[in-house]
Amino acid sequence: MKIFSNLGRRGLYRSRRGVLLGVCRGLAEYFDFSVIWVRILTVIAFIITGFWPVGVLYLIMALIMKPAPATPPQTEDEEEFYHSYADSRKMALGRLKRTYDTLERRLRRLEDVVTSRDFDWDQRAGQRP
């Protein structure tokens, strides 16, 4: 069934292009429905239930659902990074700090080699490009 074929492929997110909080568009994109029908059903549910039950449910879903990524992740690493950032910003900051520290160490080693006295002599002797 087409409705359930997309369930494991992408996550359930609040859409950034939604009218209020993006819940209806997020549900429509996740279940591959038309957003107009989801909104119509939501408004009908608002009217039938007397606003509060569906209003509270809408707000709870808006709080639970993660906002959709600004740019869709292309690889599993990007998707994993997005989920780590959306779930725990502290963990994502730790990952960025480790990456920055690794790059800084590599730059320092490169700088040590390039600024060393041996590098200058080797370059003068034609051993290094």
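The residues of the chain are indexed from 1 along the displayed sequence. Since the model is a prediction, treat every value here as computed from it, not as a measurement.
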Flag, side chain of Glu104 to backbone of Tyr100, donor-acceptor distance under 3.5 Å: no
Rounded distance (nearest 0.5 Å) linking atom CG of Leu59 with atom CG of Leu20: 9.5 Å
Salt bridge (Lys or Arg N to Asp or Glu O under 4.0 Å) between Arg108 and Asp112, worked out: CA-CA 6 Å; Arg108 284 184 184 199; Asp112 288 344; over 6 Å; no
From CG (Leu63) to CG (Leu21), nearest 0.5 Å: 8.5 Å
Approximate separation, where rounding is to 0.5 Å, of Cys24 SG and Ile36 CD1: 10.0 Å
Glu29/Arg17 salt bridge by N-O under 4.0 Å criterion: yes
For the student: nearest non-hydrogen atoms of Gly26 and Ser15, plus distance: N-CB, 3.9 Å
Over 12 foreign heavy atoms within 6.0 Å of CD, Glu76: no
Inter-residue atom distance Leu57.CG - Thr49.OG1, 0.5 Å rounding: 9.5 Å
Co-membership, hydrophobic cluster, residues Val43 and Phe51, 4.5 Å side-chain: no
Leu27 side chain reached by Thr42 side chain, heavy atoms, under 4.5 Å: no
Phe33 CZ to Arg39 CZ distance, which is reported to the nearest 0.5 Å: 15.0 Å
hydrophobic_cluster_shared for Tyr30 and Val35, side chain cutoff 4.5 Å: no
Arg14 side-chain N/O to Gly22 backbone N/O, donor-acceptor pair under 3.5 Å: no
Val38 vs Phe31 side-chain heavy atoms within contact, under 4.5 Å: no
